[in-house]
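Below is one structure, written out as structure tokens; comments come after it.
Residues: numbered from 1 along the sequence shown.
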Amino acid sequence: QVQLVESGGGSVQAGGSLRLSCAASGRTFSRYTADWFRQAPGMEREFVAGISWVGGSTYYADSVKGRITISRDNAKKTLYLQMNSLKPEDTAVYYCAASPKVGLLNRPEDMDYWGKGTLVTVSS
């Protein structure tokens with residue numbers, strides 16, 4: 001079992017930066033693939049970035065490549081999402097998610113555990 005709690009959301013102007021954190025409980029977080037998803041009003045939940053527990057490989061949605069970086073600190077059981085050059089279209093509730101499965105996990109149905117989300121609002 002893994003419990004996930006996101007923090008770090010807020011309001012920022014276009015071009016600004018935010019760093020989201022996701023604190024995990026459970027002893028085996030280091031052996032979970034961890035992702036960030038987001039959901040804008042009226043839209044489906046979409047993949048943003050993921051990091052594997054095997055080798056630490058990272059993968060990103062095309063819409064955020066070059067602007068967003070995912071990382072994890074297994075000793076602190078924390079997942080991060082550094083977001084730079086934010087755009088109004090990045091406005092959404094951001095969720096962290098985890099799964100013990102290995103591989104490219106970029107669909108909501110791939111993930112087993114979810115946080116409750118943190119809101120990011122980017123104004124123009």
Cluster link Tyr95 to Val64, ILVMFWY, side chain under 4.5 Å: no

Test item: Ser63 side-chain N/O and Ala61 main-chain N/O as donor-acceptor pair under 3.5 Å: no

Polar side-chain atom of Lys77 near backbone of Gly26 as donor-acceptor pair, under 3.5 Å: yes

Side chain to side chain contact (heavy atoms under 4.5 Å, CB included) between Arg67 and Asp90, worked out: CA-CA 11 Å; Arg67 301 188 297 117; Asp90 294 316; 2.8 Å; yes

Asn106: partners by side-chain hydrogen bond (donor to acceptor under 3.5 Å, both in side chains), with sequence neighbours left out: none

Contact summary for Ser52 and Tyr59, nearest pair of heavy atoms: N-CE2, 4.5 Å

Residues which pass side-chain hydrogen bond (donor to acceptor under 3.5 Å, both in side chains) with Arg72, listed by chain and number, not counting sequence neighbours: Asn74

Candidate pair Gln39 and Tyr94, rule side chain to side chain contact (heavy atoms under 4.5 Å, CB included), full reasoning: CA-CA 7 Å; Gln39 189 166 19; Tyr94 283 71; over 6 Å; no

Flag, side chain of Thr91 to backbone of Val122, donor-acceptor distance under 3.5 Å: yes

Over all atoms of both residues, closest heavy-atom pair of Leu4 and Cys96: CB-SG, 3.6 Å

By side chain to side chain contact (heavy atoms under 4.5 Å, CB included) - contacts of Gln1 (at least two apart): Gln3, Tyr113

Spacing of CG belonging to Leu79 relative to CG belonging to Asp73, to within rounding of 0.5 Å: 10.5 Å

Value rounded to 0.5 Å, distance of CG in Leu119 from OG1 in Thr121: 4.0 Å

Residue list, ring-ring contact (aromatic ring centres under 6.0 Å, His included) with Phe37, at least two apart or on another chain: Phe47, Trp114

Partners passing ring-ring contact (aromatic ring centres under 6.0 Å, His included) against Trp53 (at least two apart in sequence or in another chain): none

Members besides Tyr80 in its Ile/Leu/Val/Met/Phe/Trp/Tyr cluster (side-chain heavy atoms under 4.5 Å): none

All side-chain hydrogen bond (donor to acceptor under 3.5 Å, both in side chains) counterparts of Tyr32, not counting sequence neighbours: none

Scan the side chains in residues 7-21 for donor-acceptor partners under 3.5 Å anywhere in the protein, sequence neighbours excluded, and list what turns up.
from	atom 1	to	atom 2	distance (Å)
Ser17	OG	Asn84	OD1	2.9

side-chain hydrogen bond (donor to acceptor under 3.5 Å, both in side chains) against Arg107, all qualifying residues, sequence neighbours excluded: Asp110

Counterpart residues, side chain to side chain contact (heavy atoms under 4.5 Å, CB included), relative to Ser99 (two or more places apart): Lys101, Leu105, Met111, Asp112

Carboxylate-amine/guanidinium contact Glu46 Arg38, below 4.0 Å: yes

Those residues that, when tested against Glu89, pass side chain to side chain contact (heavy atoms under 4.5 Å, CB included) (two or more places apart): Lys87

Side-chain touch Leu81/Thr69, heavy atoms, less than 4.5 angstrom: no

4.5 Å side-chain heavy-atom contact, Ile68 and Val48: yes

Close side-chain approach of Met83 and Val120, heavy atoms under 4.5 Å: yes

Non-neighbouring partners of Lys65 that pass side chain to side chain contact (heavy atoms under 4.5 Å, CB included), sequence neighbours left out: Tyr60, Asp62

